[in-house]
Amino acid sequence: MNTPARVAAVAGTEFKIALRNRWVLLATMLLTLFSLALSFPGTGGGTLKASALLMAAASISTLAVYLIPLIALLVSYDSFAGEVERGTMALILATPVNRGELLFGKFLGLCLVVFIAIAVGFGIAVAVTAGFYGSDVTGIEAWLRLLITAIFLGAVFVAAGMALSTAVPRTGTAAALAVGLWLVLVVLYDLALLAGLVVDEGGFFTKVLFPYFVVLNPGDAFRIFNLAGLESATPVSGLDGLANTLPFSPVLALAAMAFWLVAMLGAGLFSARRLTP
């Protein structure tokens, strides 16, 4: 069995195990319910029919920043720590599968789980929205962009969760670190940026550094890229309003997400090679 076959075998096994995780079902249900809820308020029934899908995409891009990283971290934080704690890691490493193949196989399997959760949640929301308010090419394109980048965001946080899992031998510690990472990147980071804006009062940080600090965060980079793609079709404010006034191409946001993905996979591989089963 060659390397691609071993990676595929690990991915298939990890996918089957993750599907039995109740957190995955609960997260998919929550993502679906919140996506449906945000698809209707503000679309206004009669006057905004042409932009109903755009309005929903703008609202859900903000929701995704909170829920998708959480889903990805929940399914990945025990990917290695759990195996070590249960004593199964030594058995796995006794097979011809090496640590790199194990890491990438688990990564692909968990990404597939996250993809299904996103596809179900977003798919139901867009179908219901289009059914009530109609659809248009621009709206469908916005949703496809949202879906693809949401999967990208999920992959970044799956890699981050696995990096944490390879670094510690206990699932409890990995879970605590995963929650801490989510709080820092999803909640506290934006609060720190807003505090910086208040303190700076329109100075150098606000005018020059602020946009770049925003895209350094993978969640904000995801949101900025999607809202920039909507241009002026939807009313946004605060950090989201930055999307229409970027001093650089929105593609930089995707580059920042790609950097995070490569960095997290690299960190996970480094820790996995030093892991004691």
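For the pair I151 and V114, the minimum side-chain heavy-atom distance is 4.5 Å or more. Two residues are said to be in side-chain contact when any heavy atoms from C-beta on lie closer than 4.5 Å; I116 and T28 fail this criterion. The closest side-chain heavy-atom distance from F152 to F222 is not below 4.5 Å. The shortest side-chain heavy-atom distance between L144 and E141 does not fall under the 4.5 Å cut-off. Looking at S61 and F225, their side chains never come closer than 4.5 Å, going by heavy atoms from C-beta outward. Two residues are said to be in side-chain contact when any heavy atoms from C-beta on lie closer than 4.5 Å; V10 and F104 fail this criterion. Residues L63 and S35 have side chains in contact (heavy-atom distance under 4.5 Å, counting atoms from C-beta outward). With a 4.5 Å cut-off on side-chain heavy atoms, W260 and L185 count as touching.
Considering all non-hydrogen atoms of both residues, L110 and A18 come closest at CD2-CB, 3.9 Å. Pairing each heavy atom of G202 with each of K207, the nearest pair is O-CE, 2.9 Å. When all heavy atoms of V7 and L108 are compared, the pair lying nearest together is CG1-CD1, 3.8 Å. Residues T206 and P211 come closest through the heavy atom pair O-CD, 4.2 Å. What you find for G219 and V65 is that their closest heavy atoms are O-CG2, 3.5 Å. Across all non-hydrogen atoms, the minimal contact from A155 to L261 is O-CD1, 3.6 Å.
Between the side chain of E101 and the backbone N or O of N98, at least one donor-acceptor pair lies under 3.5 Å. Side-chain N or O atoms of S165 include one that pairs as donor or acceptor with a backbone N or O of F80 at under 3.5 Å. The main-chain N or O of L93 is never found under 3.5 Å from a side-chain atom of R99 such that the two would form a donor-acceptor pair. Panel note: side chain T95, backbone L91; no donor-acceptor pair is recorded below 3.5 Å. Between the side chain of W182 and the backbone N or O of Y66 there is at least one donor-acceptor pair closer than 3.5 Å. The closest donor-acceptor contact from the side chain of D78 to the backbone of A81 lies at 3.5 Å or more, if one exists at all.
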Exercise. Applying side-chain contact (heavy atoms from CB on, under 4.5 Å), run through L103 and F107 and close with a yes or a no.
Key: CA-CA 6 Å; L103 179 87; F107 171 73; 5.5 Å; no

Self-check item: side-chain contact (heavy atoms from CB on, under 4.5 Å) assessment of T173 paired with L177
Solution: CA-CA 6 Å; T173 306; L177 290 174; 4.2 Å; yes

Quiz item: Hey, mind stepping through L254 and T149 against side-chain contact (heavy atoms from CB on, under 4.5 Å) and telling me if it holds?
Solution: CA-CA 8 Å; L254 290 183; T149 52; 4.0 Å; yes

Practice problem: Report the C-alpha separation of L36 and I124 in whole Å, then their side-chain angles, then the decisive distance to 0.1 Å, and conclude whether the side-chain contact (heavy atoms from CB on, under 4.5 Å) test is met. | Solution: CA-CA 8 Å; L36 284 171; I124 292 175; 4.1 Å; yes

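Enclosure of atom CZ in R86 by more than 12 non-hydrogen atoms of other residues, nucleotides or ligands within 6.0 angstrom is indicated. When the shell of 6.0 Å around CZ of F15 is examined, it contains more than 12 heavy atoms from other residues, nucleotides or ligands. Within a 6.0 Å sphere centred on CZ of F259, heavy atoms belonging to other residues, nucleotides or ligands number 12 at most.
Atom CG of L146 sits about 10.0 Å away from atom CG of L153, to the nearest 0.5 Å. In this structure, the separation between CZ on F122 and CG on L147 is 7.5 Å, given to the nearest 0.5 Å. Here CZ of F210 is found 4.5 Å from CG of L197. Values are rounded to the nearest 0.5 Å. For the atom pair L164 CG and S79 OG, the distance stands at 9.5 Å (nearest 0.5 Å). Note that the NZ atom of K16 and the OG1 atom of T13 stand 6.5 Å from one another [nearest 0.5 Å]. In this structure, T32 OG1 and I118 CD1 are separated by 11.0 Å, a value rounded to the nearest 0.5 Å.
Hydrophobic clustering (ILVMFWY, side-chain heavy atoms < 4.5 Å, transitive): V262 and L265 are in distinct clusters. Taken together through direct or relayed side-chain contacts under 4.5 Å among Ile, Leu, Val, Met, Phe, Trp and Tyr, V97 and L275 form part of one hydrophobic cluster. Both L194 and L209 are assigned to one and the same hydrophobic cluster, defined by single-linkage of ILVMFWY side chains at heavy-atom distances under 4.5 Å. Hydrophobic clustering (side-chain heavy atoms under 4.5 Å, transitive across Ile, Leu, Val, Met, Phe, Trp, Tyr) groups L193 together with V208. No path of Ile, Leu, Val, Met, Phe, Trp and Tyr side chains, each step under 4.5 Å between heavy atoms, connects V198 with L188, placing them in separate hydrophobic clusters.
D220 pairs with exactly one of V186, V215, D190 by the side chain to side chain contact (heavy atoms under 4.5 Å, CB included) rule, that one being D190.
A salt bridge links K106 to E83: at least one charged side-chain nitrogen sits closer than 4.0 Å to a carboxylate oxygen.
A distance of 6.0 Å or more separates the ring centres of Y189 and F213.
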